[in-house]
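Below is one structure, written out as structure tokens; comments come after it.
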Amino acid sequence: MLSVDHGMDPLLKRPFSIHRLFGDDVQILYRLAGKGTHILSGRNKGDILDAVGPLGNKFPPPGSGDKTILIAGGIGIAPIFALAEKLKNKEILLFYGAKTKEELLCTDQIKSLGIDPVISTDDGSCGQKGTAIDALIKHLIRHPSLVTSHRLYACGPRPMFKSLSLLAKKHNLKGYIALEQHMACGIGTCLGCVINTVDGYKRVCREGPVFPLEKILWE
Amino acid sequence: MMKINLSVNLGKLKLKNPVMTASGTFAYGKEYSEFVDLDRLGAIVVKGISLKPMKGNPEPRICETPCGMLNAIGLQNVGLKGFIRQQLPYLKSLRTKIIVNILGNSIDEYIELAENLESAGVDAVELNVSCPNVNKGGIAFGTEPVVFAELIKSVRRHTSLPLITKLSPNVANIKVFAKISEDEGSDIISLINTITGMSINIRSRRPRLANITGGLSGPAIRPIAIRMVWECYRTVRIPIIGMGGIITAEDAIEFFLAGASAVAIGTGNFVNPKATLDVLDGIRAFMAGEGIHSLKELTGGLKW
Ligand SMILES: Cc1cc2nc3c(=O)[nH]c(=O)nc-3n(C[C@H](O)[C@H](O)[C@H](O)COP(=O)(O)OP(=O)(O)OC[C@H]3O[C@@H](n4cnc5c(N)ncnc54)[C@H](O)[C@@H]3O)c2cc1C
Ligand SMILES: Cc1cc2nc3c(=O)[nH]c(=O)nc-3n(C[C@H](O)[C@H](O)[C@H](O)COP(=O)(O)O)c2cc1C
Ligand code: FES
């Protein structure tokens with residue numbers, strides 16, 4: 001949870017994933033969304049901002065024999081890239097979708113990890129036209145057995161998770177997703193960030209942000 | 001060094017200092033132990049407790065608004081038994097007062113809660129009257145003077161614990177409710193609870209909260225809270241716990257001057273998890289700087 005300013009508006013801290021760690025330095029990769037992130041983008045080197053973290057859980061590592069499929073939609077690449085970096089010597093299939101070519105980030109770094117990502121853009125300006133899930137579906141049709149033996153890890157917007165859940169149900173895929181939710185405290189006290197699961201409401205900031213895909217009940 | 005007395009007597013409830021937490025913003029205390037030494041707090045007021053556990057509202061439950069936030073948590077809580085078993089032992093191990101905010105759908109439920117909590121050994125109960133009364137078509141207890149009076153009178157008869165009534169600001173004249181609280185046997189009043197509000201996403205044309213409306217809190221409501229504390233201070237003799245948008249010690253001192261004897265920090269804990277102790281230290285520093293020895297010199301010290 002990062003405070004973008006010292007004033008009263010915006011009031012609340014913003015939640016961000018840890019993108020990369022270099023010694024004591026924490027790097028975040030963020031998208032300009034609204035007021036808070038715009039203020040953040042005007043910050044200069046040496047500015048001091050309050051932060052609380054790290055908070056919540058992490059992606060559980062895949063089993064030793066597991067192959068992994070990573071799926072990133074938009075800024076969901078921030079934690080997915082971090083995971084790819086950690087898993088570097090494993091066999092990884094990465095599906096990465098963004099709105100346009102300009103919004104694709106880290107593609108060179110991804111390639112330098114030895115991963116050849118399946119890129120898609122909504123407008124077709126780079127890679128396949130469509131979403132990362134569309135690309136995954138195409139892949140599934142071509143290699144059905146291959147995919148079901150993989151473990152999924154995904155981060156992206158809600159609509160992406162919803163179509164991923166449907167797909168996962170149909171093909172009996174298992175995996176983990178990192179969710180976003182509006183947050184006030186970030187430490188489990190306000191009960192503002194809950195998501196509905198088969199085990200009742202769970203706090204995204206505390207029990208999450210990573211949940212088993214099949215546990216989430218989408219509205 | 002100058003001797004500063006920060007202790008306050010809220011009727012028979014004695015606190016070592018005037019800084020408490022606002023219900024629903026501090027969970028059951030433990031989560032904040034990583035950030036603050038809980039023993040230093042004047043009191044911990046825990047999340048509202050009902051007889052049976054409550055699931056709460058669908059999401060999204062919160063949204064940020066200018067200098068504030070809206071919430072519609074829906075009173076999610078572990079229920080009386082869960083609280084006494086899982087949360088209270090830890091809270092009782094702390095060297096601070098434990099105050100339990102209670103909520104019911106009927107007067108009988110409030111009574112049962114107060115009786116059980118008294119036997120369980122809490123230090124005080126705070127009536128959250130901002131919940132719908134199912135026997136009266138769901139109108140909140142805190143907005144209808146007759147049921148409000150009945151509720152306080154009935155709970156008073158069944159408990160000897162210090163009784164705090166938490167006033168709702170969603171009324172035309174808060175002085176009426178302050179007076180009823182005093183007349184029916186409340187030892188203390190606390191105010192304000194959140195102000196009902198609403199926010200709309202103009203692109204989707206949908207409300208930003210699943211519950212459509214929610215309670216506004218944070219600095220945005222502070223001027224209203226200050227005005228209401230001042231009105232109540234001029235109306236009743238029982239002590240007042242002031243809250244609404246306190247982030248810093250200066251904010252707290254404003255509440256004292258308006259007439260509060262103690263203050264509670266709510267949304268401020270989200271902004272700064274150490275807010276409670278920063279406020280406490282700031283109050284002490286302010287008093288030292290101004291040559292004020294006792295909080296009594298501040299409470300109601302408004303000049304006009
Ligand atoms: C666990 C987690 C990890 C995240 N990691 C990243 C990341 O690595 N990079 C990145 O760019 N973004 C990330 N986000 C989303 C990021 O928090 C929002 O984009 C950001 O809060 C928007 O703030 P704003 O003031 O610019 O937008 P505004 O729309 O002006 O914000 C208004 C309010 O809504 C909240 N809000 C708006 N959008 C979101 C959202 N998608 N998720 C949660 N709260 C939101 C804000 O925090 C703020 O309280 C993450 C969110 C969560 C929950
Ligand atoms: C997330 C949240 C949950 C709350 N839950 C309760 C509650 O359970 N019972 C209650 O009496 N007040 C509850 N409140 C109201 C606060 O205790 C307080 O009266 C109000 O937020 C104003 O203070 P603040 O501006 O410092 O937050 C809640 C407020 C928030 C923001
Ligand atoms: S943000 Fe407050 S409980 Fe998760």
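Order of the sequence lines fixes the chain letters, A, B, ..., with proteins taken first and strands second; residue numbering starts at 1 for each chain. Everything numeric in this text was worked out from a predicted model, so none of it was measured.
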Report yes if the side chains of Phe270(B) and Leu12(A) come closer than 4.5 Å at any heavy-atom pair, otherwise no. yes

Check whether any side-chain heavy atom of Pro219(B) lies under 4.5 Å from a side-chain heavy atom of Met8(A), and answer yes or no. yes

Check whether more than 12 heavy atoms from other residues, nucleotides or ligands sit under 6.0 Å from atom CG of Leu32(A), and answer yes or no. yes

Look at atom CZ of Arg43(A) and say whether more than 12 heavy atoms of other residues, nucleotides or ligands are closer to it than 6.0 Å. yes

Would you say the side chain of Leu11(A) lies within less than 4.5 Å of the side chain of Thr267(B), judging by non-hydrogen atoms? yes

Contact class of Tyr28(B) relative to chain A, heavy atoms under 4.5 angstrom: neither

Please classify the contact between Lys30(B) and chain A as side chain, backbone, both or neither, with a heavy-atom cut-off of under 4.5 Å. neither

So what's closer than 4.5 Å to chain A heavy atoms on Pro58(B): side chain, backbone, both or neither? both

Which residues from residues 81-90 of chain B are near chain A, with near meaning under 4.5 Å between non-hydrogen atoms? none

Against chain B, label Met183(A) side chain, backbone, both or neither, depending on which of its atoms sit under 4.5 Å from a heavy atom there. backbone

What residue, out of Asp9(A), Asn196(A), Val194(A), Thr189(A), has the most heavy-atom pairs lying under 4.5 Å from chain B? Thr189(A)

Sub-4.5 Å side-chain heavy-atom contact between Ile187(A) and Tyr32(B): yes

Once rounded to the nearest 0.5 Å, what's the spacing between atom SG of Cys190(A) and atom CG of Asn71(B)? 8.0 Å

Counting heavy-atom pairs closer than 4.5 Å to chain B, which one of Gly200(A), Cys193(A), Pro10(A), Ser3(A) comes out on top? Pro10(A)

Just so I know, are the side chains of Lys13(A) and Pro273(B) near enough to count as touching, which here means a heavy-atom distance under 4.5 Å? yes

Which pairs pass side-chain hydrogen bond (donor to acceptor under 3.5 Å, both in side chains) with one or both residues in residues 55-64 of chain B, sequence neighbours excluded? Arg14(A)-Glu64(B), Arg158(A)-Glu59(B), Gln181(A)-Glu59(B), Arg61(B)-Gln76(B)

